[in-house]
2 protein chains.
Amino acid sequence: MSTRKVRGASIAPATASATSESAQADPLHALDRIDRAILRQLQTDASISNVALAAKVKLSAPACLRRVERLKESGLIRGVVALIDPKAAGAGMLVIIGVVLDRSTPESFAEFEKAAQKVAGCMECHVVTGEFDYFMTIRTRDSDSFNRLHAEQLLYLPGVRQIRSFMVLKEILSTTKFPL
Amino acid sequence: MSTRKVRGASIAPATASATSESAQADPLHALDRIDRAILRQLQTDASISNVALAAKVKLSAPACLRRVERLKESGLIRGVVALIDPKAAGAGMLVIIGVVLDRSTPESFAEFEKAAQKVAGCMECHVVTGEFDYFMTIRTRDSDSFNRLHAEQLLYLPGVRQIRSFMVLKEILSTTKFPL
DNA sequence: CTTGAAATACTACTACG
DNA sequence: CGTAGTAGTATTTCAAG
């Protein structure tokens with residue numbers, strides 16, 4: 001891959017050249033069959049070379065590269081990252097946490113969100129409907145280290161009324177890729 | 001990057017060349033300062049070229065490449081993937097689902113897990129402790145499409161006693177990268 | 001506006017010290 | 001681990017659909 005210059009490449013409107021694709025109401029722009037094939041591949045393995053990718057989607061290398069760069073500049077591809085095996089990296093424990101705040105004021109929410117993002121190993125934090133205000137997922141080494149985190153950080157998050165911890169016993173599925 | 005041949009490269013013991021690093025009890029093998037710097041970078045942006053990566057970690061290009069390949073072969077780097085912006089791809093809605101099964105038998109769990117992985121847009125599925133048996137996260141287009149999914153798929157998952165849906169109103173944090 | 005072919009610049013990769 | 005050389009790729013340019 002290699003991200004080199006990427007000079008003044010104008011973000012073109014990107015109309016689906018010739019073939020009229022269905023594209024059932026996509027927000028940004030219509031993706032044709034080839035774009036979707038590219039995205040499916042890159043979601044699975046982005047370490048593939050551009051020439052190999054071009055061959056897979058039956059396109060010349062330059063044309064393929066242009067599409068990939070367009071997808072990146074349009075923001076549809078947020079980034080290309082390496083996925084680390086949590087267990088191998090010493091963060092084999094996953095805990096899902098439901099949080100209820102004391103008060104439902106904008107200040108209370110803002111303060112909590114600011115602090116929550118700094119919690120070590122916090123992978124996700126979402127505002128939800130229902131009996132909780134937030135769900136968070138936290139990666140940590142083991143139950144000892146989680147206990148420490150719980151006692152030293154989670155219980156001191158601002159404006160928290162209640163915290164319920166759901167320890168993950170088995171990770172059935174965990175993917176970053178969704179259907180296109 | 002480009003994963004080309006990657007021939008019979010033996011998985012070397014990976015002795016920290018000169019400087020003796022502490023490495024506080026890592027499962028697979030000790031990671032020195034440079035390995036961690038490489039992993040931090042690749043977790044953030046893996047589209048960087050090897051020469052640029054080598055410069056960042058103050059190493060020669062071949063030495064850097066050898067480390068990256070060792071990290072891949074050791075399984076610590078599970079893969080390199082493109083992250084898609086869900087909203088731009090027409091899957092802007094996220095729902096967290098708590099599931100309680102009818103019976104807590106091995107067969108019941110196995111049957112559920114098999115079916116759950118086939119649910120369209122299911123990103124995560126975990127066995128948890130506490131008042132639920134499973135937590136799932138599902139990405140879908142909007143509330144209409146979620147309602148359809150709920151009525152047509154979720155309610156027909158085998159052995160389900162109860163399903164509670166927590167609609168995500170705001171995604172505060174969602175990352176694939178954790179501290180090293 | 002997009003594609004593909006050819007030419008160039010740079011990188012990944014190999015052998016060796 | 002670093003240096004030097006080779007092979008292959010990314011990237012630009014350009015012409016054409």
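Naming: A, B, ... by sequence-line order, numbering from 1 per chain. Given the structure is predicted, the values throughout are model-derived calculations rather than measurements.
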Where the side chain of B:Ala63 is concerned, which of C:dT2, C:dG4, D:dC1 is the nearest nucleotide?
D:dC1
Euclidean distance, B:Ile138 CD1 relative to B:Leu149 CG, rounded to 0.5 Å:
5.0 Å
My understanding is that only residues two or more places apart in sequence, or in another chain, count here; which of them pass salt bridge (charged side-chain N to carboxylate O under 4.0 Å, His left out) with A:Arg78?
none
Separation of atom CD in A:Glu69 from atom C1' in D:dA10, rounded to whole Å:
10 Å
Evaluate the side-chain proximity of B:Phe135 to A:Thr137: yes if any heavy-atom separation is below 4.5 Å, no if none is.
no
So A:Phe109 and A:Tyr134, would you call those rings parallel, tilted or perpendicular, with 30° and 60° as cut-offs?
tilted
To the nearest angstrom, the CG-C1' distance between A:Asp35 and C:dT3 comes to 14 Å
Return the nearest nucleotide to the side chain of B:Ser49; candidates are D:dT3, C:dT11, C:dT3.
C:dT11
Of D:dT9, C:dG4, C:dT14, the nucleotide closest to the side chain of B:Pro62 is C:dT14
Working to the nearest 0.5 Å, report the span between CG of A:Leu180 and CG of A:Leu31.
7.5 Å
Grab the CZ-C1' distance between A:Arg70 and C:dT3 for me, whole Å please.
11 Å
So do the side chains of B:Leu101 and B:Val160 get within less than 4.5 Å of each other, counting heavy atoms only?
yes
Counting just side-chain N and O atoms, does B:Arg67 come under 4.0 Å of either OP1 or OP2 of D:dC1?
yes
Can you tell which of D:dG2, C:dA12, D:dT9 lies closest to the side chain of B:Leu59?
D:dG2
In whole Å, what is the span from the CG atom of B:Asn50 to the P atom of D:dG8?
18 Å
What pairs with B:Lys170 under salt bridge (charged side-chain N to carboxylate O under 4.0 Å, His left out), at least two apart in sequence or on another chain?
A:Glu113
To the nearest angstrom, how far is A:Leu53 atom CG from D:dA10 atom C1'?
13 Å
What is the distance, rounded to the nearest whole Å, between atom CG of B:Leu65 and atom P of D:dT3?
16 Å
Find the bend of the helix from C:dC1-D:dG17 to C:dG17-D:dC1 as the angle between its two terminal axes (five pairs each), to the nearest 10°.
30°
Nearest-Å distance, NZ (B:Lys58) to P (D:dC1)?
15 Å
Given D:dT9, D:dT3, D:dT11, which nucleotide is nearest the side-chain atoms of B:Ser60?
D:dT3
When the distance from CZ of B:Arg66 to C1' of C:dA12 is rounded to whole Å, what number comes out?
12 Å
